[in-house]
Each structure stands twice: as C-alpha cells, then as structure tokens.
Amino acid sequence: MGRTVSMARNPLLGEDEGPITYVLPELPREVTLTSSDAVTAALCDASRAIGRLEGARRAATPWHQCAAVLASFEGWACVLAADRKVSWSAVSKEFSDPQLSYSRGTTDARVAARLIGFHAGLEGFMDRSIYTGVVSSPLCEGELVSPRFRYAFEEGVDQWLEHGPGSGLVRAILVMMSMAASMPESDRLAMNARATFPWMARFTLGSDLMIPISAGFLGFRDEWDLVARALGDPHGYDSDTVNRAIEVSLRAVERASIAAAYEVEVLDSRGRGASVAGWLPTTIPSARYLFYLVNALPPVTREQLQVLSGLSARGVNKAIRILEDNGEVIVSGRVRGGGNYVVRSRNAWKPYPQAAQHHPSVSAAPEGQR
C-alpha cells in the first residue's frame, strides 16, 4: 500500500485527458510506530478529558439524554469542521423532516441532520455495529474510493480494531486516517471518517461514550489536513508525520471531550430547575424519558421519538400531552392516533461546538502555557 496507481480512462467515453492517477493509502494494520513523547503526553491528556466527559454523564444526567446531546453536538460539528456555513436552525428544519431516513444528504444542513440521526441510532441510517463497509459512507454520497483499497481496508479491520496492539484510541485514529487518505481532498469522505471514529473508539474500549471528535477539529482545518494526508504518501509513510497526525488527533479528542462535558452539564441543569421540580419527579416515566430526549435534540417527530424511546405511538402521544400541558414543549400538528407531528422544547437548546476552541484544556491554552 502507499503507492501510486494509474488507471486508463474509458475510450468509449471520449476521454483523452490521460490516465486517472490516485494513491492507495497505507492500511492501519500495516503502520508500525514507536510513539513519540508528544503522542504519549497527548494520549494522557485525551484520556483525562474523556474521563471528564464520562464523569459528567455519571453525575446525574440520564444516559439517553447524554447520548442525544453528543449526537447533536457531533453531527453539526462534523459539517462545521469542513468549513461549511450551516446554521443550527437549518439543521433543525431538516431533522424534523419525516423523509430524512433513507434519503441522501443533498445539502450541508441535511448531511448534518442525517449525521445526528446516525449517531442517535435512528432507523434508516447505517448500522453503527458494522465497521466493515464504513468507507461506503453513512452519508450515502457514493464517494469514488478505489475498490482495491476498499477491499483491502475492509478485510479484517474489525478484528484489528478489537485485538490490535497499543491504545484503542490510537487504533481508531489510524483507521480514521487511512479512510480519509483514500480521498484527502474530499470533505464528504472526511465527514465520513470523523463520523465513524466515535464508534470505532467505543469498539476498542477507548471510551464508554461516543467522542465528538469533529468539534476538536473545528477551527483547526490545517491539523485535519495533516491527519487526512499522513498515510497517503506514495513513497510510504513517514513516522514523524504520522506521530504528529496522531498527536493532533488526540488533542482534538481532548478539546472535544471537555467541551462536550460542559454541554452535558448544561442540559442536566434543566432537569433540576425550579420550573420542572414540582411535576417532573412525580409524572409517569415515559413523560420523564421524552422530556430529556426532546431537550437534547433538534425538533423531533413523533415517529423518531417512538424509535428512540421504544414506546408505542399511544405511549408517545400520552407523554407529549403531559409535556405540552406543563408548558415544556411546542407541538406542530395533532397529537392523535398514528399521525406524525413535530415536537420542540419550549426552551430550545443549541449546541456550541465552537467552545472546543476556547475551553481550558492543554491544547487550547495560550502559547507559553501548554
């Protein structure tokens, strides 16, 4: 791997610009490195930040609310990290579209909405439990990736992720780097590589929660470009370059984890506020469950709530009526029978992935204090 391949163009199409040339990246399992001191230090800081995020989850926040927060945080950040100008309101509008499942990401806002659905586990999105085939993209965009690389990449990547040497976080980073290197100039494939990282990291036991790594690259486009090209040198990888790419990826994990921990704590405070203290603890469990879900997601449909909660349509309707009666949600449509409608929190939450550029982590500290 790591070599240049040329493929003749189809003469029947009248193409005469010469052969198509591309580089087959290094496979993650073919990379042998001795971690530098900088990588070791970054791994320690990233692990500490992940512990901070897991601590925020365990402090009080219900598990399903934390998962929804991280899905929203990462889904939007993944698109923003590609320097796309897409607003949260546009993402929210796409997410509440009943046709979101089994559709294509035709706009940046729709891509972000589909990524939120992917991370939240909605039906009609790629199965997160299957890591072979990830290059085909959960965005369903059909990026042109060399079939030769895709076959070699998919063959055994799940076993290597589970049983490979060294840190699980580093193994997940190497897979992400190899994926991105197959088309380093493609923002869509970059989104795909970042979108699959959180679940690869969980698969390797690098974290109990999904790590919203994209937020860590927001505002650090040069560092992502280094990550995307480190394993795509036609002359083979350079150990110093790969070590540096792993280091900046771990710093992205650190920044994103601490920023996400703050978001989890913000949402947790809503469940303990004075406005809900009088009724939320004593209401039916389904209403409490949906209260936390609706607070942590963009405007969401009844059908999506049914999938995420496991409740029947009747159960969702009953819980939403309780939330509506207590002034916690605004409903667009009729809460009746099997009809679909859209629910949003009256005190709408907006993720702030840009905070990863400013929080007091080692990598975000001013020069001279790192």
Side-chain angles (χ1 to χ4, degrees), residues 52-76 88-89 91-93 95-96 113 116-117 119-122 208-210 212 258-337 339-353 355 359:
R52 172 79 169 78
L53 175 58
E54 293 175 347
R57 146 68 191 103
R58 294 189 178 98
T61 304
W63 177 269
H64 64 286
Q65 184 188 45
C66 182
V69 169
L70 296 178
S72 300
F73 193 74
E74 167 63 17
W76 189 30
W88 180 245
S89 60
V91 175
S92 298
K93 182 178 179 180
F95 190 75
S96 60
I116 294 173
H119 290 304
L122 286 172
D208 288 343
L209 297 172
M210 64 163 286
I258 293 184
Y262 293 155
E263 295 286 350
V264 169
E265 290 167 349
V266 166
L267 265 294
D268 176 61
S269 65
R270 291 194 176 187
R272 294 181 282 108
S275 64
V276 299
W279 65 271
L280 187 62
T282 58
T283 193
I284 60 175
S286 60
R288 290 199 300 271
Y289 195 98
L290 294 192
F291 168 83
Y292 290 113
L293 267 184
V294 171
N295 270 283
L297 289 169
V300 59
T301 67
R302 191 273 303 164
E303 292 177 347
Q304 290 170 333
L305 287 174
Q306 192 174 337
V307 172
L308 292 172
S309 66
L311 297 170
S312 65
R314 183 177 180 180
V316 170
N317 290 346
K318 182 178 180 180
I320 291 301
R321 289 192 190 99
I322 291 174
L323 296 181
E324 189 176 23
D325 290 343
N326 283 279
E328 291 299 324
V329 299
I330 298 174
V331 179
S332 300
R334 299 180 64 185
V335 184
R336 181 179 179 181
N340 209 7
Y341 51 84
V342 177
V343 183
R344 68 177 177 88
S345 171
R346 186 172 291 276
N347 299 311
W349 166 71
K350 177 182 177 181
Y352 186 45
H359 72 75

Using the salt bridge (Lys or Arg N to Asp or Glu O under 4.0 Å) criterion, which residues pair with R321? Sequence neighbours excluded. none
Please name the pair of heavy atoms, one in R346 and one in V329, separated by the smallest distance, quoted to 0.1 Å. NH2-O, 3.8 Å
Going by heavy atoms in the side chains, are L311 and L290 under 4.5 Å from each other? yes
Strictly distance-based, threshold 3.5 Å: is any side-chain N or O of N295 a donor or acceptor partner for the main-chain N or O of W349? no
Taking E303's backbone N and O only, do any of them form a donor-acceptor pair with N340's side chain (distance below 3.5 Å, no angle check)? yes
Residue pair L293, V300: steps toward the side chain to side chain contact (heavy atoms under 4.5 Å, CB included) verdict: CA-CA 9 Å; L293 267 184; V300 59; over 6 Å; no
Check: R288 and L280 side chains under 4.5 Å, non-hydrogen atoms: yes
Which residues pass the ring-ring contact (aromatic ring centres under 6.0 Å, His included) test with Y341, not counting sequence neighbours? none
Going from CZ on F73 to CG on L267, what distance comes out if it is rounded to the nearest 0.5 angstrom? 11.5 Å
Could you tell me which non-hydrogen atom of A260 sits nearest to which non-hydrogen atom of P212, and how far apart they are? CB-CG, 3.7 Å
Measure from the side-chain N and O atoms of Q304 to the backbone N and O of T301, and report whether any donor-acceptor pair falls under 3.5 Å. yes
If you apply the rule side chain to side chain contact (heavy atoms under 4.5 Å, CB included), what do you find for F95 with V342, and how did you get there? CA-CA 10 Å; F95 190 75; V342 177; over 6 Å; no
Note, L297 side chain near L308 side chain (heavy atom, < 4.5 Å): yes
What are the two closest non-hydrogen atoms of V294 and S345, and how far apart are they? CG1-N, 3.6 Å
State, to 0.1 Å, how close S92 and P298 come at their nearest heavy-atom pair, and which atoms those are. OG-CB, 3.7 Å
Which of V335, I320, L323, I330 passes side chain to side chain contact (heavy atoms under 4.5 Å, CB included) with V343? It is I320
So which atom in S286 and which in G315 form the shortest heavy-atom distance, rounded to 0.1 Å? OG-O, 4.3 Å
Are the side chains of V316 and Y289 in contact, using a 4.5 Å heavy-atom criterion? no
So do F291 and P62 actually touch side chain to side chain, heavy atoms under 4.5 Å? no
Heavy-atom closest pair (D208 atom, R58 atom, distance to 0.1 Å) is OD2-NH2, 2.8 Å
Partners of R302 by side-chain hydrogen bond (donor to acceptor under 3.5 Å, both in side chains), sequence neighbours excluded? Q306
Y352 backbone acceptor or donor facing E263 side chain under 3.5 Å: yes
Could you go step by step and tell me if K350 and W76 meet the side chain to side chain contact (heavy atoms under 4.5 Å, CB included) rule? CA-CA 10 Å; K350 177 182 177 181; W76 189 30; 3.7 Å; yes
Could you check if a side-chain atom of N326 sits within less than 4.5 angstrom of a side-chain atom of T283, using non-hydrogen atoms only? no
